[in-house]
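The structure appears right after this line, and notes come after that.
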Amino acid sequence: MKFLKSSLSVFALGLLLFMLSACKINSVANEDVMARTEKTPEIVWGVKYDTRLFGMMNVETSQVEGFDIDIAKEITKEMLGDEAKATFVEVTSKTRIPLLRNGNIDAIIATMTITDERKKQVDFSDVYFDAGQSLLVKKGSEITNVKDLNSETTVLAVKGSTSAINIREHAPDAKILELENYAEAFTALQSGQGVAMTTDNAILLGMASENPNYTLVGGNFTQEPYGIAIDKGQTAFLKAVNQALEEMHKNGTYDKVYQKWFPNSTDGKVQ
Ligand code: GLU
């Protein structure tokens with residue numbers, strides 16, 4: 001009897017703790033972001049930390065840098081004023097939607113393509129960058145086009161990305177090795193675990209610029225319009241983000257940020 005009683009109280013305590021933690025997760029996830037920023041002028045952005053040109057951790061300054069980072073900073077300023085804080089949290093292609101939906105971040109700005117499939121889980125801002133999927137290979141490679149990827153070849157992609165899905169369609173016979181993030185995928189390419197790596201052209205260009213033995217081949221075989229993902233139900237926040245983006249296009253801020261990261265190109269620019 002005594003044993004039963006104590007087991008029951010342990011169970012009751014466990015249940016209570018579980019309910020309290022569920023409440024906490026729920027309350028953060030359901031919080032109205034716009035209302036919170038009025039009290040505390042801060043936006044928590046989910047960004048890449050390993051993607052040159054978009055979101056890359058600079059180990060010397062311990063600051064994350066890139067086009068996505070600067071756009072996030074400017075949106076924060078435009079929405080909440082010069083003193084507002086843009087806070088950055090690392091996401092990967094695989095973790096970004098779960099982190100958003102759990103309320104760990106307010107928005108994702110991380111080379112993320114707007115797709116119908118993703119729209120079932122999150123809302124997207126207007127397009128803020130136009131990319132397209134391509135291939136990166138070692139210079140002199142026999143692979144010059146996505147059509148060259150056959151059953152004898154392995155192509156490297158990142159989990160949770162559209163690239164991993166699209167490549168199955170465009171090179172249905174190729175073997176695909178999916179890695180956790182872009183740093184790992186590029187290391188796998190360098191060590192010969194695959195003959196090509198596939199993702200958006202702009203991401204691959206960032207890698208090629210740092211590693212002159214590698215080059216993009218075959219042009220783009222998909223369109224990858226980037227959007228900022230926001231949790232469903234945060235309609236006021238989504239509207240404010242779109243208004244900020246529009247204002248940045250009008251007042252030249254978008255162009256300034258674009259020129260800083262892509263000085264030699266007009267690709268990807270959204271007018
Ligand atoms: N833009 C593609 C995507 O959203 C590839 C880049 C990435 O993985 O973030 O999946």
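Ligands are counted one by one from 1 in listed order, and the atoms in each one are counted from 1 as well.
Other members of the cluster containing Val217 are Leu135, Val137, Ile143, Val146, Leu149, Val155, Ile167, Ile176, Val195, Phe221, with ILVMFWY side chains joined at under 4.5 Å, either directly or via other members.
Electrostatic pairing of Asp70 and Lys260 counts as a salt bridge here, judged by a charged N lying under 4.0 Å from a carboxylate O.
Checked against side-chain hydrogen bond (donor to acceptor under 3.5 Å, both in side chains), Arg168 has the following partners two or more places apart in sequence or in another chain: Glu178. The ring-ring contact (aromatic ring centres under 6.0 Å, His included) check on Tyr214 picks up Phe186, with sequence neighbours excluded.
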Considering only N or O atoms, set out every pair between ligand 1 and the protein closer than 3.5 Å, with distances to one decimal place.
from	atom 1	to	atom 2	distance (Å)
ligand 1	1 (N)	Thr111	O	2.8
ligand 1	1 (N)	Thr113	OG1	2.7
ligand 1	1 (N)	Asp200	OD2	2.5
ligand 1	4 (O)	Arg96	NH2	3.2
ligand 1	4 (O)	Thr111	O	3.3
ligand 1	4 (O)	Thr113	N	2.9
ligand 1	4 (O)	Thr113	OG1	3.4
ligand 1	4 (O)	Arg118	NH1	2.8
ligand 1	8 (O)	Ser93	OG	2.6
ligand 1	8 (O)	Tyr182	OH	2.8
ligand 1	9 (O)	Lys48	NZ	2.7
ligand 1	9 (O)	Ser93	OG	3.4
ligand 1	9 (O)	Arg96	NH1	2.8
ligand 1	9 (O)	Arg96	NH2	3.4
ligand 1	9 (O)	Thr111	O	3.1
ligand 1	9 (O)	Thr111	OG1	2.6
ligand 1	10 (O)	Arg96	NH2	3.2
ligand 1	10 (O)	Arg118	NH2	2.9
ligand 1	10 (O)	Thr162	N	2.7
ligand 1	10 (O)	Thr162	OG1	3.2

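By the rule that hydrophobic residues join a cluster once side-chain heavy atoms approach within less than 4.5 Å of another member, Ile230 and Val33 end up as members of one cluster.
Evaluated for a side-chain contact (heavy atoms from CB on, under 4.5 Å) with Tyr182, the options Val158, Leu204, Thr187 yield exactly one hit, Val158.
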